[in-house]
There are 2 protein chains.
Amino acid sequence: MQVCFVRDVSIACIATLTRQFRSRHLAILQRDNTTPQRLIGEAVNLSAPAVQRRIKRMEQTGVIAGNVALVAPAAVGQPITIFVEVELESERTELIDAAKRQFSAAPEVQQCYYVTGEADFILIITVADMGAYEALTRKLFFDSNNVRKFRTFVAMDRVKVGLTVPLPG
Amino acid sequence: MQVCFVRDVSIACIATLTRQFRSRHLAILQRDNTTPQRLIGEAVNLSAPAVQRRIKRMEQTGVIAGNVALVAPAAVGQPITIFVEVELESERTELIDAAKRQFSAAPEVQQCYYVTGEADFILIITVADMGAYEALTRKLFFDSNNVRKFRTFVAMDRVKVGLTVPLPG
DNA sequence: CCTCGAAATGCAAGTTTGTTTCGTCAGGGA
DNA sequence: TCCCTGACGAAACAAACTTGCATTTCGAGG
């Protein structure tokens with residue numbers, strides 16, 4: 001029946017299958033990492049200890065970077081999400097690095113990316129009100145002598161939020 | 001000794017203390033939700049069952065919106081993060097809603113926000129390579145008759161990534 | 001074709017962790 | 001004053017996680 005695989009094909013098949021199973025495993029953890037290993041095992045046809053070992057392996061190799069609880073910003077008094085495109089005056093490496101450090105250090109800066117294109121940085125900021133944002137802009141942008149300009153977008157609707165990575169399979 | 005509180009002050013004090021303890025509790029879970037309840041209890045001066053009850057309460061009230069594993073995109077073959085500012089032709093409510101649905105439905109769209117300002121939507125997209133992004137733009141933007149234009153920023157460095165909400169205390 | 005070794009698995013026992021139960025205490029209102 | 005509500009701690013209980021060991025599988029090399 002299903003014999004006579006060309007060697008490369010069979011290897012590819014196995015690799016694909018493995019990856020798919022891992023994908024399903026990871027997909028479950030990405031959705032809810034409190035899922036008991038027993039249930040994950042049933043979903044991927046594995047015993048609980050095997051599930052446990054795979055998780056440990058993925059944590060050690062860095063595939064799983066962390067396990068966190070997601071907090072609803074509005075429920076803790078931080079209902080405002082803001083995007084900022086930041087353009088620097090100078091793109092000297094040291095100044096870029098300094099900006100990275102400064103932005104990262106601010107707890108209000110939830111996410112910070114160094115990007116190509118018409119801006120240098122994109123920040124996602126979480127604050128309680130516009131006053132707090134105004135104060136933060138002063139601290140991060142005006143007090144710095146290296147910010148040429150910045151553009152602000154206020155989120156009206158957090159349509160889709162998460163850090164879920166698309167997985168094959 | 002510590003008597004003779006004016007009523008409002010003492011209430012405010014208690015409320016503040018409570019909130020601070022919750023903040024510490026939440027801060028721990030935001031960093032690592034696999035932390036044993038016993039350790040959390042030690043950190044916030046509470047017994048394990050009390051910790052358990054608070055977590056359950058916060059999950060039921062929506063303060064904790066989920067418990068997830070963070071997956072490293074590069075480790076699963078999705079190393080490219082892209083930002084897109086999308087501007088629509090029409091801002092009729094139905095079309096806005098249709099766009100929200102369409103963007104949310106795409107697994108590559110990790111985050112989608114409806115914003116004020118010079119754009120209508122900001123998307124954060126995770127893909128394996130630029131070819132995949134090109135295909136996605138065709139699907140999401142060109143095939144739609146409602147996208148006036150979009151601007152792309154490619155992330156060179158994911159300086160700070162997370163969904164951590166700043167907490168008082 | 002066969003054997004070997006590395007890696008992954010299942011099973012079963014042991015351990016930690018999470019959950020429930022129960023009794024107690026403090027604050028608020030009738 | 002008394003009762004009620006809500007939250008707590010201690011202990012018992014249930015569930016999940018973790019480990020050791022024998023087995024299997026797969027690829028490499030003889």
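As a basis for the values below, the full set of heavy atoms in this structure was taken, side chains included, without hydrogen atoms, waters or symmetry mates. The chains referred to below are lettered A, B, ... by the order of the sequence lines, with proteins before strands, and numbering in each begins at 1.
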Per-nt protein contacts along nucleotides 12-25 of chain C (heavy atom under 4.0 Å; B base, S backbone sugar-phosphate only, - none) come out as B----SSBBB----
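Per the geometry, CZ belonging to A:Arg54 stands 15 Å off P belonging to D:dC17, to the nearest Å. With rounding to whole Å, B:Ile55 atom CD1 is found 15 Å from D:dA7 atom P. Whole-Å rounding puts the B:Ile40 CD1 to D:dG9 C1' distance at 17 Å. Between B:Arg22 atom CZ and D:dA7 atom P the separation is 8 Å, expressed in whole Å.
Around CG of B:Asn145, the count of heavy atoms belonging to other residues, nucleotides or ligands within 6.0 Å does not exceed 12.
Aromatic ring pairs are classed by plane angle as parallel below 30°, tilted from 30° to 60° and perpendicular above 60°; the pair A:Phe121 and A:Phe103 is perpendicular.
Judged by distance alone, the side chain of B:Lys160 and the main-chain N or O of A:Ala106 form a donor-acceptor pair under 3.5 Å.
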### Task
Dump the intermediate steps for ring pair (Phe, Tyr, Trp, His ring centres under 6.0 Å) on A:Phe150 and A:Phe83, then the final yes or no.
CA-CA 10 Å; A:Phe150 63 94; A:Phe83 291 77; over 10 Å; no
**Q.** A:Asp120 vs A:Val86, side chain to side chain contact (heavy atoms under 4.5 Å, CB included): CA-CA, chis, key distance, verdict
**A.** CA-CA 6 Å; A:Asp120 295 310; A:Val86 183; 5.9 Å; no
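The closest side-chain donor-acceptor pair between B:Glu108 and B:Gln78, if any, does not fall under 3.5 angstrom.
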